[in-house]
J.: 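Below you will find the structure I want to go over with you.
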Amino acid sequence: MTADPEESKLEVEQQVGKIQGLLLGLQHVFVSNVWLDPLFIAAMIGMTPIATTSFINTVFVVDCTAF
């Protein structure tokens with residue numbers, strides 16, 4: 001049995017609630033190691049805490065715009 005392409009498209013683009021969206025976002029952050037690598041790099045080169053925060057934020061912005 002094959003699914004109608006329009007039905008499949010609707011399932012992929014379905015809206016989720018605010019709480020479910022928040023939980024899915026937290027899951028994405030905790031599962032991915034995107035924030036650990038810049039933290040280790042910043043620690044190794046001796047960045048200040050404020051510079052480290054800016055560095056991690058920059059990595060998130062660049063990572064999100066890559067998709």
Side-chain angles (χ1 to χ4, degrees):
M1 175 184 262
T2 60
D4 182 22
E6 289 299 317
E7 284 184 34
S8 298
K9 186 175 181 180
L10 291 175
E11 290 176 13
V12 171
E13 295 178 1
Q14 72 184 10
Q15 297 286 327
V16 296
K18 290 182 180 183
I19 293 175
Q20 186 179 9
L22 176 68
L23 292 174
L24 290 172
L26 285 174
Q27 178 188 16
H28 176 72
V29 170
F30 289 137
V31 171
S32 68
N33 288 329
V34 171
W35 61 278
L36 283 176
D37 293 337
L39 182 65
F40 293 146
I41 292 169
M44 285 190 295
I45 63 174
M47 288 179 125
T48 64
I50 292 177
T52 301
T53 303
S54 296
F55 183 56
I56 292 171
N57 286 336
T58 302
V59 169
F60 273 110
V61 168
V62 171
D63 184 47
C64 291
T65 58
F67 295 102

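Side chains included, hydrogens not; waters and symmetry mates left out as well; all remaining heavy atoms used. Everything numeric in this text was worked out from a predicted model, so none of it was measured.
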J.: Which donor-acceptor pairs under 3.5 Å do the side chains of residues 36-53 make with protein atoms, sequence neighbours left out?
T.:
unit_1 : atom_1 : unit_2 : atom_2 : d
Thr48  : OG1    : Ala51  : N      : 3.2
Thr52  : OG1    : Thr48  : O      : 2.8
Thr53  : OG1    : Pro49  : O      : 2.9

J.: Under 4.5 Å side-chain heavy-atom separation, chaining through any Ile, Leu, Val, Met, Phe, Trp or Tyr, what else clusters with Ile19? Say none if it is isolated.
T.: Leu23
J.: Run the side chain to side chain contact (heavy atoms under 4.5 Å, CB included) test against Leu22 and tell me which residues pass, sequence neighbours left out.
T.: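 So Leu22 forms a side chain to side chain contact (heavy atoms under 4.5 Å, CB included) with Leu26.
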